[in-house]
Asks: 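Quick one: the structure is below, and I'll ask about it shortly.
The sequence lines fix the lettering, A, B, ..., with proteins before strands; numbering per chain opens at 1. Reckoned from all heavy atoms, side chains included, excluding hydrogens, waters and symmetry mates.
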Amino acid sequence: MKSLDGKVKKEKENGFASPPHMKSEPEDDFYHSPRQEKTLKRERDNDDDFDFKPKKIKTENDKKPKKRKPDEDVKPNKKTKTKKVADGKKRIKNEPEEKWKWWEEERYTDGVKWRFLEHKGPVFAPPYEPLPSHVKFYYDGKVMKLSPEAEEVATFFAKMLDHEYTTKDIFRKNFFKDWRKEMTSEEKAKLTDLKKCNFGEMAEYFKAQSEARKSKTKEEKLKIKEENERILQQYGFCIMDNHRERIANFRIEPPGLFRGRGDHPKMGMLKRRIRPQDIIINCSKDSKYPEPPPGTKWKEVRHDNKVTWLVSWTENIQGSIKYIMLNPSSRIKGEKDWQKYETARRLKKCVDRIRNQYREDWKSKEMRIRQRAVALYFIDKLALRAGNEKEEGETADTVGCCSVRVEHIKLYPENEGQEFVVEFDFLGKDSIRYYNKVPVEKRVFKNLQLFMENKEPDDDLFDRLNTSILNKHLQELMDGLTAKVFRTYNASITLQQQLKELTNGDDNIPAKILSYNRANRAVAILCNHQRAPPKTFEKSMQNLQTKIDAKRDQLSDAKRELKSSKADAKVRRDEKSKKTVETKKKAVQRIEEQLMKLEVQATDREENKQIALGTSKLNYLDPRISVAWCKKFGIPVEKIYNKTQREKFAWAIDMAEKDFEF
DNA sequence: TCCATCACTTAGAAGGATCACC
DNA sequence: GGTGATCCTTCTAAGTGATGGA
């Protein structure tokens, strides 16, 4: 099977224009003036302290039109203005259309995700290329020629030889078992012990290949780049309704060895190659369907416009479905994202009521209600994930709030001068450790003691609760409320409040950005977004310190020079020496600035050693807060969001003014 | 009500691209 | 221009939560 048949097919017009949407403007918008909060962990907001600001009606002269709300539940939209979506006939294709402001248009309701969808299908992994004959595999010290099927799987292992994975028993066991399935019966009979396999030459070969790729000439690299660009243009976009939209992952995952996170029982298993007959295509009936590679067929072509995916297949490790979907910059993802933050803002309006309610529920006669209330308190206070049940033995043993077990918490009536301390220690999503010691309210503490009575360490702490019960309850408290909304809400409100607290209007830009990063960091800590410290961390820190020291020396030199030039000018009293003083002054200033920049950088980096800022920035922080902050303090938005992020948050950059309140 | 399935969001690692410095 | 550090993009695993059928 050819992965990408070399020829570029001329793109054909589809000649279809989906029905134009009528654009409408909502009549109003809510703004909220939140209380400032002092600490990282959130306290109460007042329920009723938001005010109402009427929406402007867009006119031709308005520079910034007020946009509609993404969240239909908030209030009905009144159509104040309609705009026809251009009927996308000939102009849609290849040239990048001018930036489309989908957020100014009306959304679909009733679960329809699109009216027209056309795409080219996925790009398959390149077929296996057998190793050159000089690259040998050895078994028990002797050369052995492998069948292509067995050889391919062997190369997967060889490519990972440097990785810790290949030293793990489970990984090796799973790999060997799956590898044997690909062997001929002769190979199977002969290769019985993984320890006797020598993949060294293969590994060397791949390393050399990778080196060769790096040391290619400029021209060669450019050629590769152009080819990638060509594939991107051909397969990396679809037409959804009237717009050419970028696809996120148009390449099918290549075969390889499964790399689970943490202690995953399936690590090392063979992830099989996906073929056209595994693929389900989703597109509209009246579109030009993607062609399967010559001589092959798709599993199915369907036309389901209640879903957003273009391509799907079932993966063989967990049996789960994988999808090809659109890029975060697309309308379909952006609308959802915007809506997510609007839901979180609605929570802000009623979070006080909800908090009062769960505090009451701590006293309930019913165990299930107490458990629900304590769990919700943790989700709110500590930004824990919901914690769905998982199938035992199928995945790594990780938990979230509802699935926390007795063994994951310790209770201290008194600890380090604080009363009622709970110590959490468990593995969360991606097997990232959650460790936290927090003082809680007495009632919570007493409840926890009660929940733990007569239980074994591996019993569920909340045995009368699961995520579905919890979410059902939340749904009753607020339309659209689920456990994860609390994470979004608490992350965003924390950012907003930390920015208020930390930003000093008189600071220069690097110092303000340090403040921003610190606010961002507070959120990342709250959400427990961690990263492995970069391998080069210590060294790069040292380098930076060396630079700082050098800069300090430079500064004292410059100061000395300034001093002597001043003395000189005093004696000479001529223009030339006055000028010299000025020049020296400027030099000192410049060096001071440079020094400060370096010091700020060092602080930022040190504080960021094990913390990942990206996840919260991308998924939890209402981008309008950051945009408003940039506008308020004259920071170019490019300093906060890179190009990709600006594309994802185009809606927020366009609509948020400096007075935006989450 | 329970469970499986499906769709979609959220997550950190890896590797490539770009930048800063000498 | 070379090199190492840093930034950005890609990759795909691992969550959440809705839904529908038994």
Asks: Is A:Glu366 salt-bridged to A:Arg372, cutoff N-O under 4.0 Å?
Replies: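 The answer is no: the pair does not qualify as a salt bridge.
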Asks: State whether A:Asn327 places a side-chain N or O below 4.0 Å from either non-bridging phosphate oxygen (OP1 or OP2) of C:dT9.
Replies: no
Asks: Between A:Arg172 and A:Asp169 (salt bridge meaning N to carboxylate O under 4.0 Å), is one present in this structure?
Replies: no
Asks: In this structure, how many angstroms lie between the C1' atom of C:dC7 and the OH atom of A:Tyr641, rounded?
Replies: 17 Å
Asks: Using heavy atoms to find the nearest nucleotide of DNA chain C for A:Lys643 and A:Glu253 separately, return the residue whose nucleotide is more 5′.
Replies: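 The 5'-side residue here is A:Lys643.
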Asks: For a quick test of reading the model: is some side-chain N or O of A:Thr644 closer than 4.0 Å to OP1 or OP2 of C:dT9?
Replies: yes
Asks: Is A:Asp178 reaching over with its side chain to a backbone N or O of A:Gly268, donor-acceptor style, under 3.5 angstrom?
Replies: no
Asks: Indicate yes or no: does A:Glu342 engage A:Arg346 in a salt bridge with an N to O separation below 4.0 Å.
Replies: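 Answer for the salt bridge query: no.
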Asks: Nearest whole Å is fine: how far is C:dT9 P from A:Leu618 CG?
Replies: 10 Å
Asks: Could you tell me whether the side chain of A:Ser492 and the main chain of A:Tyr620 form a donor-acceptor pair under 3.5 Å?
Replies: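 Looks like yes, one N/O pair under 3.5 Å.
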Asks: Side chains of A:Asp263 and A:Ser431: is there a donor and an acceptor less than 3.5 Å apart?
Replies: no
Asks: Across the strands shown, which category fits A:Thr398 at heavy-atom distances under 4.0 angstrom: base, sugar-phosphate, nothing?
Replies: sugar-phosphate
Asks: With sequence neighbours left out, which residue pairs that include part of residues 386-402 of chain A fulfil the side-chain hydrogen bond (donor to acceptor under 3.5 Å, both in side chains) condition?
Replies: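 Residue pairs passing side-chain hydrogen bond (donor to acceptor under 3.5 Å, both in side chains), neighbours aside: A:Lys266-A:Glu394, A:Asn388-A:Thr467, A:Lys390-A:Thr395, A:Lys390-A:Thr398, A:Asp397-A:Arg405.
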Asks: Do A:Phe157 and A:Phe175 have ring centres separated by under 6.0 Å?
Replies: yes
Asks: Can you measure A:Lys271 atom NZ to C:dA13 atom P for me and round it to whole angstrom units?
Replies: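 Nearest whole value for this atom pair: 4 Å.
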Asks: Given atom CG of A:Leu465 and atom C1' of C:dG17, what is their separation to the nearest angstrom?
Replies: 15 Å
Asks: Between A:His119 and A:Phe250, is the ring centroid distance below 6.0 Å?
Replies: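 So the answer is no for these two rings.
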Asks: Verify the contact: side-chain N or O of A:Asn249 to OP1 or OP2 of C:dC11, cut-off strictly under 4.0 Å; return yes or no.
Replies: no
Asks: If you find the nucleotide of DNA chain B closest to A:Lys221 and the one closest to A:Lys340, which residue's nucleotide is nearer the 5' end?
Replies: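 Nearest nucleotide further toward 5': that of A:Lys340.
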Asks: Would you mind reading off the distance between A:Gln645 atom CD and C:dC8 atom C1', rounded to a whole angstrom?
Replies: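 Taking atom C1' of C:dC8 as the reference, CD of A:Gln645 is at 9 Å.
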Asks: With sugar-phosphate meaning primed atoms plus P, OP1 and OP2, does A:Ala483 contact a base, only sugar-phosphate, or nothing at under 4.0 Å between heavy atoms?
Replies: sugar-phosphate
Asks: Taking any heavy-atom pair under 4.0 Å as a contact, classify A:Gly614: base, sugar-phosphate, or nothing.
Replies: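 It contacts nothing in the nucleic acid.
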Asks: For a quick check of understanding: with a heavy-atom distance under 4.0 Å over all strands, which category does A:Tyr323 fall into, base, sugar-phosphate or nothing?
Replies: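 Result for A:Tyr323 = base.
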Asks: By nearest heavy atom, map A:Asn466 and A:Lys429 onto DNA chain B; which one lands nearer the 5' end?
Replies: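 Between the two, 5'-proximity favours A:Asn466.
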Asks: 5' to 3' on DNA chain B, which nucleotides open and close the contacts with chain A (atom under 4.0 Å from a heavy atom)?
Replies: B:dC6 to B:dC21
Asks: Contact class for A:Glu315 vs. all strands (heavy atom < 4.0 Å): base, sugar-phosphate, or nothing?
Replies: nothing
Asks: Which residues, if any, of residues 259-270 of chain A bring a heavy atom under 4.0 Å of DNA chain C?
Replies: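 Close to the strand are A:Arg259, A:Gly260, A:Arg261, A:His264.
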Asks: Do you see a donor-acceptor pair shorter than 3.5 Å between the side chains of A:Glu229 and A:Gln233?
Replies: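 Judged by distance alone, the side chains do pair up.
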Asks: For a quick test of reading the model: is some side-chain N or O of A:Gln318 closer than 4.0 Å to OP1 or OP2 of C:dA13?
Replies: no
Asks: Base, sugar-phosphate, or nothing: which does A:Ile317 touch, judged by heavy atoms less than 4.0 Å apart?
Replies: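 Here A:Ile317 touches no strand at all.
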Asks: Between C:dA13, C:dA14, C:dA18, which one does the side chain of A:Gln475 approach most closely?
Replies: C:dA18
Asks: Would you indicate what A:Ala532 reaches in the nucleic acid, counting non-hydrogen atoms under 4.0 angstrom: base, sugar-phosphate, or nothing?
Replies: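 Touches sugar-phosphate only.
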Asks: By the 4.0 Å heavy-atom rule, please label A:Pro328 as base, sugar-phosphate, or nothing.
Replies: nothing
Asks: Which part of the nucleic acid, if any, lies within reach of A:Thr308 when heavy atoms closer than 4.0 Å are counted: base, sugar-phosphate only, or nothing?
Replies: sugar-phosphate
Asks: Could you go through A:Tyr108 and A:Asn305, starting from their C-alpha distance and side-chain angles, then the distance that decides it, and tell me whether this counts as side-chain hydrogen bond (donor to acceptor under 3.5 Å, both in side chains)?
Replies: CA-CA 11 Å; A:Tyr108 290 118; A:Asn305 73 349; over 6 Å; no
Asks: Could you tell me how far apart A:Lys214 (NZ) and C:dT3 (P) are, to the nearest whole angstrom?
Replies: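 About 13 Å, once rounded to whole Å.
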Asks: Roughly, in whole Å, what's the span from CG in A:Leu257 to P in C:dC11?
Replies: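 A:Leu257 atom CG is separated from C:dC11 atom P by 18 Å.
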Asks: Within less than 4.0 Å of OP1 or OP2 of C:dT16, is there a side-chain N or O belonging to A:Asn388?
Replies: yes
Asks: Mind calculating the distance between CD1 (A:Ile379) and P (C:dT16) to the nearest angstrom?
Replies: 9 Å
Asks: For A:Lys472, answer base if it contacts any base atom (sugar-phosphate contacts may also be present), sugar-phosphate if it contacts only those atoms, and nothing otherwise; contact means non-hydrogen atoms under 4.0 Å.
Replies: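 Nothing: the residue A:Lys472, judged by heavy atoms under 4.0 Å, touches no strand.
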